[in-house]
Amino acid sequence: MNKALLNSEQQLAVDYNQGPLLVLAGAGSGKTRVIIHHIIQLIEKGVSPKQIVAVTFTNKAATEMRERVSSKIDLSPLICTFHSLGVRILRESIEHLGYSKNFVIYDEEDALKMLRACIKELQIEDKTITPKAVKQIISKAKNRLEEPQEDSSSSMGQVAPQIFKLYQNKLFEASAVDFDDLLFLPTKLFKEFPAVLDIYQSKWQHLLVDEYQDTNHAQYTLASQLVAKHRNFFVVGDPDQSIYTWRGANIQNILNFEKDWSDARIVRLEQNYRSTSTILEAANHLIENNENRYKKNLWSDLGEGERIYKFNAFNEREEADFIVDTLSQNQKKYQINLKDMVIFYRTNAQSRPFEDELLRRNIPYTVVGGMSFYQRREIKDVLAFLKLLNNPSDTVSFLRTINLPKRGFGEASLAKILHFANRSPHNLIEACQELLKPGAPIRLNQKQLQGLTDYINLLSALKKISHESPLNELVYQTIQRSGYLNILKSDPDSSDDRKANIDELVAKAIDWEDQNPEGTLSQFLEELTLNTSQSNEDAHDRLVLMSVHNGKGLEFHSVFLTGMEETLFPHINSFNLHNGIEEERRLCYVGMTRAKRILYLTRTMSRFIWGGARSMRPSRFLREIPSKYCQKVDDEEEEYQDSYVERQAPTSTEKSEFSLGEVVYHQEFGIGKVQKIKNSSLGITYDVNFQKDGSTKTLLAKFAKLSSI
DNA sequence: TTTGTATGTATTTTT
DNA sequence: TACATACAAA
């Protein structure tokens with residue numbers, strides 16, 4: 001892409017290099033191009049690449065941007081996600097907060113294990129207090145940079161602060177941080193140690209943030225702290241593409257930019273260079289159904305192109321069959337590669353039928369996200385050994401590996417060991433060594449003694465290897481010496497698959513070493529935890545399958561947007577959420593605007609969910625797209641418009657559990673009173689007026705989990 | 001303490 | 001469905 005190809009607004013943004021600038025960039029308006037050219041121009045004007053930081057939202061976007069920048073200049077600036085920026089700061093400076101530099105990053109699963117332990121330790125019997133629910137509360141609090149407040153109106157509100165404290169303590173003792181800490185701790189660090197902040201402010205003179213509409217309060221604060229001094233703050237975003245409010249993203253961050261920075265300059269990019277006018281206008285019509293929205297006029301001069309294809313399948317197998325069939329044909333018809341097409345879905349679970357069909361026809365594909373490679377049990381098991389070498393205080397990894405293979409340590413003995421280690425000056429592994437000495441404070445049986453000896457020996461042997469040999473050798477030896485492959489054999493059904501994954505892990509280690517000759521074990525582990533999407537798969541021509549969330553920032557010649565059905569897309573869980581439908585609609589908008597030329601919207605009449613076939617109604621989003629932009633693939637399509645109206649009418653035969661005026665309890669919203677009971681096609685709904693904030697919410701009986709008091 | 005079976009229960013989206 | 005936890009038995 002050449003400079004001359006920039007339009008005047010883009011050029012304006014690129015040239016602006018002093019003070020705060022907000023680029024409101026509609027879908028496909030070339031925002032990445034603007035960011036890249038801006039970076040290059042800064043460098044050409046004499047700014048050192050080391051003084052520039054560009055923050056993106058996903059690893060995929062960061063990688064792509066890094067590649068595009070480094071193809072133009074020799075020394076690339078730091079381009080990473082908010083979370084990896086956080087890690088970078090913490091690796092250098094976390095010791096101010098008392099943590100060890102060797103800290104590990106706990107992923108969601110690790111964190112949940114930690115929380116389960118906390119709940120157990122506090123002897124909380126209430127079974128509504130699940131690790132998952134607590135995690136959500138803690139996560140929300142951290143992203144708002146708050147401590148969880150005591151809230152006596154619910155049992156959760158009462159215990160959450162207690163659990164939070166213990167959890168944070170346990171993390172600290174394990175030299176571990178969770179994902180939220182990667183944002184939470186740096187802001188805390190900067191607040192408490194202004195001198196440290198000062199160092200980073202001088203080091204990073206230019207901060208660029210992509211997808212600014214998706215920043216949460218912690219990210220917003222971190223960015224604000226960093227730019228407070230030099231004020232060179234270049235942010236790019238599109239309020240219509242805000243799809244992460246569920247994880248604390250605050251759309252006000254972008255809407256308030258002018259208020260936050262009185263001298264802010266705003267540039268609007270409204271010409272779309274990606275999609276045909278048909279696709280773009282259809283998407284525009286859809287998004288106009290959102291009430292909470294600033295109007296904008298995004299246009300394209302790429303011509304009308306083809307109309308949007310709509311297909312109505314009988315069930316998800318037929319949907320998959322149709323799509324795979326069509327995309328094979330389209331490959332020839334449009335002379336495109338597999339990787340120019342994408343299958344989007346709302347939930348990761350929907351990938352299954354597509355995978356089955358692709359496997360059946362031998363079409364290569366990659367699934368992005370979902371249950372990623374590094375979240376597989378066998379991979380996490382092997383990595384846990386490695387993590388322990390790196391950080392011998394890592395409790396979660398210890399508990400994961402101590403019984404691989406079975407060494408006879410049950411819940412009771414492990415609790416004793418952890419307790420002992422906690423009160424001793426040693427780390428976990430050293431404490432275990434103490435236990436092998438005569439006169440140890442904990443009595444172990446023969447099997448346990450032998451097991452612990454083997455375990456300690458294994459770890460020290462691996463430690464030695466880690467000093468002497470390359471990483472791939474270490475990974476290989478870990479698998480060999482732990483006898484992990486034998487452990488896998490106990491479950492013959494899965495062992496072949498798992499073995500293959502283990503082999504792949506070794507291959508990845510070799511690969512990683514090739515690309516990071518100077519890399520350390522710690523960096524390797526960190527990248528695996530943070531970088532869930534695989535990076536180097538692009539070389540092959542494969543069809544990509546992913547959730548719509550993962551599609552943000554990408555573009556494809558052909559897009560298949562699947563599962564366009566009520567309760568799936570929009571997802572049923574959004575129905576009770578404040579502005580939930582609007583966020584779903586933005587998500588749909590994001591999905592549609594990924595398409596350059598060809599867009600398919602597909603749905604099914606029946607879908608297998610929750611162990612049974614359920615009949616599905618078409619998504620409201622399909623109705624919101626004017627039919628003049630669409631064409632139907634099947635001839636039966638006409639039927640659904642009629643049957644749709646009819647099918648809305650019948651109400652469910654469900655009986656109301658509560659009566660009008662009854663006082664009920666909701667886990668999140670607290671105590672409320674039933675104002676209205678309706679029987680809709682989706683089942684019984686209640687309008688409940690909640691005490692806490694006086695709001696009235698419409699809740700679906702099936703999903704809101706109300707209880708009487 | 002481990003292992004097997006039964007039962008329940010939840011299923012969005014991601015760093 | 002399919003996964004995780006609970007419980008019982010060895």
A:Asn390 versus A:Asn102, side-chain donor and acceptor atoms under 3.5 Å: no

Integer-rounded Å distance: B:dT13 P and A:Leu568 CG: 10 Å

Can you check whether A:Phe57 stacks with the B:dT15 base, using ring centres under 5.5 Å and planes within 30°? no

May I ask you to check whether A:Phe172 and A:Tyr99 place their ring centers less than 6.0 Å from one another? yes

For A:Thr245, does its backbone N or O pair with a side-chain atom of A:Glu583 as donor and acceptor, under 3.5 Å? yes

A:His83 vs A:Glu584, nearer the 5' end of DNA chain B by closest nucleotide: A:Glu584

Report yes or no: is there a donor-acceptor pair, N or O only, under 3.5 Å between the side chain of A:His571 and the base of B:dT12? no

Within 45° of the ring axis of A:Tyr345 and under 6.0 Å from its six-membered ring centre, is that where the NZ or CZ of A:Arg603 lies? no

Between atom CZ in A:Arg247 and atom C1' in B:dT12, what is the gap in whole Å? 13 Å

Suppose you measure atom P in B:dT13 against the same atom in C:dA4; what distance do you get, rounded to whole Å? 15 Å

Output the rounded distance in Å from CZ (A:Arg407) to C1' (B:dT3). 19 Å

Let me know the distance between NZ of A:Lys132 and P of B:dT14, rounded to the nearest Å. 13 Å

Select base, sugar-phosphate, or nothing to describe what A:Phe409 touches, counting heavy atoms under 4.0 Å on all strands. sugar-phosphate

Hey, does the Lys NZ or Arg CZ of A:Arg407 hover above the aromatic six-ring of A:Phe409, less than 6.0 Å from the centre and inside 45° of the axis? no

Would A:Asp110 and A:Lys387 count as a salt bridge (charged side-chain N to carboxylate O under 4.0 Å, His left out) here? Give the steps. CA-CA 12 Å; A:Asp110 301 333; A:Lys387 282 185 174 178; 3.5 Å; yes

Consider the side chain of A:Asn573, meaning its heavy atoms from C-beta on, and name the nucleotide among B:dT2, B:dT13, B:dT11 that approaches it most closely. B:dT11

Please classify the nucleic acid contact of A:Ser574 as base, sugar-phosphate, or nothing, using heavy-atom distances under 4.0 Å. nothing

Sequence neighbours left out, what passes salt bridge (Lys or Arg N to Asp or Glu O under 4.0 Å) with A:Asp178? Give chain and number order. A:Lys142

In whole angstrom, what separates A:Gln136's CD from B:dT12's C1'? 11 Å

Should the side chain of A:Arg346 and the base of B:dT13 be counted as holding a donor-acceptor pair, with the cut-off at 3.5 Å? yes

Test A:Arg91 against A:Glu526 for salt bridge (charged side-chain N to carboxylate O under 4.0 Å, His left out), laying out the working first. CA-CA 11 Å; A:Arg91 283 273 176 238; A:Glu526 181 175 305; 2.8 Å; yes

Ignoring the backbone of A:Gln448, work out which of B:dT14, B:dT2, B:dT1 is nearest its side chain. B:dT1

In whole Å, what is the span from the CD1 atom of A:Ile581 to the P atom of B:dT13? 17 Å

Atom-pair distance (CG on A:Asn216; P on B:dT14), nearest Å: 16 Å

Say you pick atom C1' in B:dT12 and the same atom in C:dT5; how far apart are they, in whole Å? 23 Å

Contact state string [nucleotides 1-10 of chain C, B base, S sugar-phosphate only, - no protein heavy atom under 4.0 Å]: BS--S-----

Whether A:Thr347 contacts B:dT11 is assessed here as follows: a side-chain N or O lying under 4.0 Å from the phosphate OP1 or OP2. Is that the case? no

A:Lys406 side chain: which of B:dT14, B:dT3, B:dT11 is closest? B:dT3

Phosphate OP1/OP2 of B:dT15 contacted by A:Ser84 side-chain N/O (<4.0 Å): no

Applying a 4.0 Å non-hydrogen cut-off, can you work out what A:Lys447 is touching in the nucleic acid: base, sugar-phosphate, or nothing? nothing

Is A:Asn348 near enough to B:dT14 that one of its side-chain N or O atoms lies under 4.0 angstrom from OP1 or OP2? yes

Counting just side-chain N and O atoms, does A:Asn550 come under 4.0 Å of either OP1 or OP2 of B:dT13? no

For B:dT5, what is the paired nucleotide under Watson-Crick or G-U wobble rules, both distances under 3.5 Å? C:dA6

Mind calculating the distance between CG (A:Leu222) and P (B:dT15) to the nearest angstrom? 18 Å

With a cut-off of under 6.0 Å to the ring centre and 45° to the axis, is A:Arg144 in cation-pi contact with A:Phe184? no

Classify A:Glu583 by what it touches in the nucleic acid, base, sugar-phosphate, or nothing, heavy-atom distance under 4.0 Å. nothing

